[in-house]
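Letters A, B, ... mirror the listed sequences (proteins, then strands); counts begin at 1. Just so it is clear, the values below take in all heavy atoms, side chains as well, and ignore hydrogens, waters and symmetry mates.
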2 protein chains.
Amino acid sequence: MARNIKVSIIEDDETLRDGYAFLIGATEGYDVISTYCSYDEAAKKIAADKPDVILLDIELPGVNGIDAIPKLKKLLPNCYILILTVYESEKQIFNALANGASGYLTKNTPSTKIIESIKEVREGGGPMSINIARLVIRSFQKNQESPLSKRETQILELIGEGKSRGQIANELFIDLETVRSHIKNIYLKLDVNSRADAIKLARQNKLI
Amino acid sequence: MARNIKVSIIEDDETLRDGYAFLIGATEGYDVISTYCSYDEAAKKIAADKPDVILLDIELPGVNGIDAIPKLKKLLPNCYILILTVYESEKQIFNALANGASGYLTKNTPSTKIIESIKEVREGGGPMSINIARLVIRSFQKNQESPLSKRETQILELIGEGKSRGQIANELFIDLETVRSHIKNIYLKLDVNSRADAIKLARQNKLI
DNA sequence: TCACAAATCCCCCAAATAGGGGGATACTAT
DNA sequence: ATAGTATCCCCCTATTTGGGGGATTTGTGA
């Protein structure tokens, strides 16, 4: 490694902020170059700090951490953002990641793991706390006990891609009327009567 | 911990299989109760083994690892499956997770991490190799440079949910003609002329 | 201040689509 | 044998779609 990793911390709790700063700063290979207690405060100066990695809290006064991510990314396009928070709600996690966070740690994470994660994120990894990884993986998993047959699932997937009956028929080399039959059965099984409702239910229950 | 973790290994390479078996078996708290060189071979006996965790290879003779996951899950609903493979393609990873794998490790993973991951998966975690976690996290991240405006993105998301112009208009409290205008602009910007194409392009480029 | 994007709304039109009925046939697995 | 699956056929109407052509207002950045 050529040079130390430059870390900035944005965290409103002073005790935690100083604690992290001390821990990380004391570790060889890491420099804590700045700490801020809010995004608004950080916004003025963080571009000049040019950190490699930002440790970001979610529960912040003013602009919250989630909304701060794209703003920070705009100021520092090559900087990695590591979320460090107590929030474990699916929405928070997925929004943080969608906004450009490169990792997500909860505050019960041992400090050694935090320090390791900072290096990991800069090397192209995606560090997550154990409980976060579970949620993330679960978000991929399909329901194993679907009421739908294979063909029905397949057609529902195509409906989820916005395709019309005709397009589906062409893609699967079957008649338009066959597609229609399958859709009727899907609606029956899911107890819905529109594409939008079918997609919603299917996604909620991870049938597709 | 009350009792040792019971591990089964399905891996066609004999050297690797024996290597893993030895390493894990020699670790306190772990028992390797069976090893198999294919799914077909495992299918006959693994239900009786009642492992807590299965280490599963993807490149197997006969039924491949991805397809073996749901079959194993059916035989052993409470068993965790940990993929251990050289494959790092997005499709393989997402299919494995969708089929019910609880973790995904690549074969360059150090043995200590593998052993740690076995425990982690049984405690409800979702262990992943660093490079896998990167791909998984990236799959959530939206494109920060979308050509679409906020409203357009919002409407495209609703289109992705299979909603009609009318439904979108109701949901956003705007006129049907306004929705139409936005959709026209979306089509112009994305250079498409159908819902299906717009959704496809938007998902490919992570605009939604 | 001026241009531009964004968001809102309005009209025309024809063709396609969706969803509600009612069936039939053939194959497969239990 | 009975249920589920996959395939195909007909009726019907209301809705939706996508292609044109506009307009107005608001806010932002140059």
Side-chain angles (χ1 to χ4, degrees), chain A residues 43 47 63 67 70-71 74-75 142-203 207-208, chain B residues 43 70-71 74-75 142-202 207-208:
Chain A
V63 179
D67 296 332
K71 297 177 197 285
K74 216 166 186 180
L75 291 170
K142 283 196 185 175
N143 189 336
Q144 307 278 321
E145 289 130 32
S146 170
L148 303 179
S149 72
K150 269 194 181 178
R151 199 55 148 178
E152 286 159 359
T153 305
Q154 189 180 24
I155 285 173
L156 192 49
E157 267 163 8
L158 295 174
I159 287 179
E161 291 168 14
K163 291 181 176 151
S164 70
R165 293 177 192 166
Q167 290 173 307
I168 295 172
N170 281 329
E171 201 164 320
L172 302 182
F173 304 107
I174 55 178
D175 195 273
L176 198 144
E177 279 301 325
T178 307
V179 175
R180 198 157 144 52
S181 271
H182 285 304
I183 295 178
K184 280 180 189 173
N185 284 328
I186 292 170
Y187 285 10
L188 255 177
K189 288 183 179 177
L190 301 187
D191 190 27
V192 296
N193 51 13
S194 75
R195 297 163 91 79
D197 288 344
I199 292 172
K200 190 177 168 189
L201 215 96
R203 296 213 174 123
L207 307 180
I208 56 170
Chain B
K71 296 178 197 284
K74 216 164 187 182
L75 290 170
K142 282 194 187 176
N143 189 338
Q144 307 277 323
E145 290 130 30
S146 171
L148 303 179
S149 73
K150 269 193 182 178
R151 200 54 149 176
E152 285 160 359
T153 304
Q154 190 181 22
I155 286 173
L156 192 48
E157 267 163 8
L158 295 174
I159 287 180
E161 290 168 15
K163 291 180 176 151
S164 70
R165 292 177 195 166
Q167 290 173 306
I168 294 171
N170 282 330
E171 200 163 322
L172 302 182
F173 303 107
I174 55 179
D175 195 90
L176 198 143
E177 279 300 325
T178 308
V179 176
R180 196 156 146 50
S181 270
H182 285 305
I183 294 178
K184 280 181 188 174
N185 284 327
I186 292 170
Y187 285 11
L188 256 177
K189 287 183 179 178
L190 301 187
D191 190 28
V192 297
N193 50 13
S194 77
R195 297 162 91 79
D197 288 344
I199 293 172
K200 190 178 167 189
L201 215 96
L207 307 180
I208 56 171

Please confirm whether the shortest side-chain N or O distance from [X] to OP1 or OP2 of [N] is below 4.0 Å.
X       : N       : result
K150(B) : dA5(C)  : no
S164(B) : dT16(D) : yes
H182(A) : dT5(D)  : no

[X] side-chain proximity, nearest of [options]:
X       : options                  : result
S149(B) : dG18(D), dA6(C), dG20(D) : dA6(C)
N193(A) : dC9(C), dG19(C), dA6(D)  : dG19(C)
R151(A) : dG21(C), dA6(D), dC9(C)  : dA6(D)
D175(B) : dA6(C), dC10(C), dA18(C) : dC10(C)
K189(A) : dC9(C), dG18(D), dT5(D)  : dT5(D)
E177(B) : dC11(C), dA7(C), dC9(D)  : dC11(C)

Whole angstroms only, please: what is the CG-C1' distance between N185(A) and dG19(C)? 14 Å
To the nearest Å, how far apart are I168(A) CD1 and dT7(D) C1'? 16 Å
Which is true for R165(A) with a 4.0 Å heavy-atom rule: it touches a base, it touches only sugar-phosphate, or it touches nothing? base
Taking any heavy-atom pair under 4.0 Å as a contact, classify T178(A): base, sugar-phosphate, or nothing. base
For the side chain of K184(A) and the base of dG22(C), is some donor closer than 3.5 Å to an acceptor across the two? yes
